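Would you mind keeping the following structure in view while I ask a few things?
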Amino acid sequence: EMEVLSVRGVVDKLRNAGYARITCEGGATLYAQVLDAGIVDVWHQTVDPTISGTVEHPMVQGGNAAPQRFRFDHFYADADSTVFLRYVRS
């Protein structure tokens, strides 16, 4: 039988197994879950210079957490004008 874990439970298991750095990539619902759990220390955001008239996919969808502040830490601008941003928890 497979154990069902919350996102905090998954992170706790990984940390107990010796993983100090954990990267989470997912969709808007997963991002809401990790933000709600308070387990995001670093947020990487990519800005693509392609612009359209609609937002097809929200960055974070759902969740119950209050807004969380992060502070700017680093950026890198690629030759194609894509910008990679790094924020850390305030």
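Given the structure is predicted, the values throughout are model-derived calculations rather than measurements.
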Is it the case that the side chain of Tyr31 and the backbone of Gly26 share a donor-acceptor pair, with hydrogens and angles ignored and the cut-off at 3.5 Å?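 Yes, the answer is positive, given that a donor and an acceptor are paired below the 3.5 Å cut-off.
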
Among residues at least two apart in sequence or on other chains, which ones pass salt bridge (Lys or Arg N to Asp or Glu O under 4.0 Å) with Glu25?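 Not a single residue meets the salt bridge (Lys or Arg N to Asp or Glu O under 4.0 Å) criterion with Glu25.
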
Listing, residues 40-47 side-chain donor-acceptor contacts under 3.5 Å, not counting sequence neighbours, or none:
residue	atom	partner	partner atom	Å
Trp43	NE1	Gln45	OE1	2.9

Under 3.5 Å: donor-acceptor pair, side chain of Gln68, backbone of Leu35: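 Side chain of Gln68 to backbone of Leu35: a pair is present.
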
Separation of Arg8 CZ from Asp36 CG (nearest 0.5 Å):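 Rounded to the nearest 0.5 Å, the CG-CZ separation comes out at 11.0 Å.
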
Shortest non-hydrogen contact between Ser90 and Arg71, atoms and distance: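 For Ser90 versus Arg71, the nearest heavy atoms are OG-N, 3.5 Å.
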
Closest heavy-atom pair and its distance - Ala32, Gly62: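 Scanning both residues, the minimum pair turns out to be CB-O, 3.5 Å.
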
I need the Arg21 CZ to Arg15 CZ distance, nearest 0.5 Å.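 Between Arg21 CZ and Arg15 CZ, I get 11.5 Å after rounding to 0.5 Å.
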
Going by the rule salt bridge (Lys or Arg N to Asp or Glu O under 4.0 Å), which residues pair with Asp12 if we only count those two or more places apart in sequence or in a different chain?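 Here no residue qualifies.
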
Count the heavy atoms belonging to other residues, nucleotides or ligands that lie under 6.0 Å from CG of Asp80, then report whether that count exceeds 12.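 Buried by this count: over 12 neighbours within 6.0 Å.
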
Treating Ile, Leu, Val, Met, Phe, Trp and Tyr as nodes and any side-chain heavy-atom pair under 4.5 angstrom as an edge, say whether Phe75 and Val88 lie in one connected cluster.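 Phe75 and Val88: separate clusters.
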
Any chain of hydrophobic side-chain contacts (each under 4.5 Å) joining Phe70 to Phe84?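 Unlinked, Phe70 and Phe84 end up in two clusters.
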
